[in-house]
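Worksheet for the structure shown next.
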Amino acid sequence: MKARLDHIGIAVEDLDAALAFYRDALGLEIEAPEEVESQRVRAHFIPVGEPKLELLEATAPDSPIARYIEKRGPGIHHITLRVDDLDATLHRLKEQGVRLIDEVPRPGAEHSMIAFVHPAGTHGVLVELKQSLPQPEAESRSRSWLPARHQLGGLELITLTDGWLRLDGGAMFGVVPRPLWEQRIPPDDRNRITLAMRPLVVRGEQTLIIDAGCGDKMDAKSAEIYALDRRYHLDHALADAGLTAADIDIVLASHLHFDHAGGFTAMSDGGTVVPRFPNARYVVHRGEWHDATHPHARNRASYLQENFVALQSAGVLDLVDDGTEVMPGVTIRRSGGHTQHHQVVMIESQGETAVFAADMIPTSAHAPDAWIMGYDLYPMETLAFKRTFTREAIERDYLLFFEHDPLMAAGRLRDYAGKRVVEPVF
Ligand SMILES: [Zn+2]
Ligand SMILES: [Zn+2]
């Protein structure tokens, strides 16, 4: 096993006094502080070579740091060793009879999972073990709109982008207060947050695309309201993936809201609305089709008829029911909640599973069960579905696609000590 010194933690009673020494007298740079909720501390890291010093400030009277200072006064609190596989390390220590404070890892500072080993087993030093969670490289993160490919058993998955729009941050997070959600996705001066539109191509027996973004038919007024940004859109993405609209055999709808189905049709040169994918059958859930073509006051702004009615008149529409296998390995599964018949898409091959979560978990910030969109027509149904689904996703290690996440196309859900985290994949 290899381990590297990551940092030395120093319990601090008076932060200003500590800064007067480390920052002002020594002239060291202090990184932006970070709250570690699980430990009720604020961590101030100080780079000193590759390892760092970490000034630890208690944020609650019951914080382990507060208790430590009460007992022993300020001073060196722990050393942290970085390991590659925290689970395996803990397992090994347990086998050797080493006393552990944490038998399972929990979230730590700097995007990591951590576990403490009891000083009784380490000759008097509190040892923190740390495993950094994978973060997409800065480069791929800043260019996360470019197509990314993933081989899932015998199926190839290609995530695409049809530009970005902005929606009201409050509406995107329902009852979650702004001070919480704005840390995850910061709003603009009109309280809007930027969301991507990310259709997914599945290549197997045929070539299928799930959803198609908002397309190019939006009028100027709406485009301004939603700050629609299509400098990079589905045609660019298809081309970058080596595909054209003519290569698509099946277009599958999660539901028919404009930011998912707008790209199903396009304006022809003659000014009529025509199917956007010339060789494709379009697969839509029967109930969703009914609701979309019979809108009411609450959903009318989302169901724009020009996005889909032309499919029926062109004779390319297939209406299906819950649980239909649309192509070998690709099955729709009703989540409801967001709309009555909203579907997630289960993609399975050779024992591996990916799920296109659509508006059930629109961004990685919506991973906690109660982070549910205000747009949802039946939020309690979303909650019920999420509770079952997220547990299943964690247990079975599903690869989840986040259709609206501005930065992360896909990741895996993890639950550590009651906290829901998303491990980015790409
Ligand atoms: Zn929707
Ligand atoms: Zn949406």
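Just so you know, ligand 1 is whichever comes first in the structure, and atom 1 is the first atom listed for that ligand. These numbers come from the heavy atoms of this one structure, side chains and all, not from hydrogens, waters or symmetry mates.
- At a threshold of 4.0 Å, the pair Glu50-Arg82 counts as salt-bridged, since one of the basic side-chain nitrogens sits closer than that to a carboxylate oxygen.
- The distance from the Zn ion (ligand 1) to the nearest N/O/S atom of His342 is not under 2.8 Å.
- If you look at His257 and ask which of its N, O or S atoms sits nearest the Zn ion (ligand 1), the answer is ND1.
- Between Asp397 and Arg414 the shortest side-chain heavy-atom distance falls below 4.5 Å.
- Under the 4.0 Å criterion applied to side-chain N and carboxylate O atoms, Asp188 and Arg190 are not assigned as salt-bridge partners.
- With hydrogens and angles left out, the side-chain atoms of His342 and His285 include no donor and acceptor closer than 3.5 Å.
- In this structure, OD1 of Asp359 and NE2 of His404 enclose an angle of 80° at the Zn ion (ligand 2), rounded to 10°.
- The closest approach of Asp259 to the Zn ion (ligand 2), by N/O/S atoms, is made by OD2.
- When each of Glu57, Glu54, Lys52, Glu31 is paired with His44, the side chain to side chain donor-acceptor pair (under 3.5 Å) condition holds for Glu57 and for no other.
- Residue His260 does not count as close to the Zn ion (ligand 1), with no N, O or S atom under 2.8 Å.
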